[in-house]
Amino acid sequence: MIANERPAAGIATVRWGVGPHVFELHSPLRDVIDRAATVFKPWRTEGSSAATRHWTISPDGDGRPDWTLGVDGTPHGPVSATPDAAVRRVEYLAVQAIFDGPPDLVTVHAALVARRGRGILIAGVPETGKSTLACALWQRGCSLLGDDVAIVDLERQTAAPAPRRVSLRSPSRRLLGEALWSRVEGAPSSEPTNEGWVFHPSEIDGRAPGPVSTSAILFLGRTNPDSPGGVLRPLAPAHAALGILPYLNVARRVDVGTLVPRLTPFATAVPAWDVTRADLPTMCAAVERLLEP
Amino acid sequence: MTATRYIRSPEASASLVGDRVVLYHRVSRAALVLNPTGSWIWDQLHTPHTEAALAAGLGARFPSVPAEHIAHDVRAFLDELVQHGMVGRS
């Protein structure tokens, strides 16, 4: 199998992973390896078992300006010839591999924040403000573990961030303040994107992005702000189970009738809430109450 | 004339999540969350029941609710289940 081949001489490797997924990036380009070692540092693994997926980044043999990206020994196409762009592409593909992988690893499209080991998943369709809320909670002292994809253990009711950096859009700059924003820009794994910056919050606050117990699930953008009720509106477990389905990777491949019983222990044990849009401090204060011991 | 009886459709899959039943129709892929009272009715429908029998059973559970309200709600609920293909008539 190609995945079991050892890299040729002169090719270095960065290895990382989560759960059953073991990823490797091989490249003869020192800058690419160094960048990958920084970006994937929180998820670096050791060992000699075969990678479940590996990528290669190498100079194009025909002298073209782009580098060539290979996946599991097969050419995948060109990639911009900068370490930042090339590694960012692999970072995206690795999370995609988890998303498309075996259904035993469940991912939820949600931000993940935590305090004292108690985590909150914040789910919502794009533009409902989950990154903004997560960012505001980080600014108020929570750990910001992820802004996009979390890996959920339905049986243990734990959640962990997917192995990718957090992405902040430029409008978050005002929210975070100049002092914190400048630390984001200056962190080792940080780099600018078209929309803002990607970075590791752990490089700013020193908190490792490990798994946390899931204390609550929040849904944004589902309730009318004008309807009566508070900022947080409790959801019955059955509604939470159906509510979270669209955000699960496995929902695309597993019949709902099969998936709901699998979700039942998680939805029954973890309280869920609809969050009504309010001013950010009010929303944060309501969520922080859920994180109190 | 025999009264219509209702029974669960073989295409409906049910899961109890908390105090509510989640119904999923394997063909249409429609999903419904039943409230606790609806969940009780669904539980009865593992065997054929008439509308009147279900209403009588609910009336015994909620003696303070007027019988006509219960009958109306049971009829509306069964119509919705039939509309979604979750139960059949015989």
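Chain letters run A, B, ... following the sequence lines, proteins first and then strands; every chain starts at 1.
Heavy atoms of other residues, nucleotides or ligands lying less than 6.0 angstrom from CZ of A/R207 number more than 12. In the displayed structure, A/R169 atom CZ is contacted under 6.0 Å by at most 12 heavy atoms of other residues, nucleotides or ligands. Within a 6.0 Å sphere centred on CZ of A/R277, heavy atoms belonging to other residues, nucleotides or ligands number 12 at most.
Of the atoms belonging to B/L34, not a single heavy atom falls under 4.5 Å from chain A.
Chain B forms the most heavy-atom pairs under 4.5 Å with one residue out of A/P261, A/A240, A/A267, A/A241, and that residue is A/P261. Taking A/L245, A/D255, A/V256 one by one and counting their heavy-atom pairs under 4.5 Å with chain B, the maximum is reached by A/V256. Contacts with chain A were tallied for B/R20, B/R29, B/R26; B/R20 has the most, counting heavy-atom pairs under 4.5 Å.
The structure places OG1 of A/T268 at 8.0 Å from CG of B/L16, a figure rounded to the nearest 0.5 Å.
Between A/L259 and B/Y24 the shortest side-chain heavy-atom distance does not fall below 4.5 Å.
B/S15 approaches A/G257 most closely through the heavy-atom pair OG-O, 4.4 Å.
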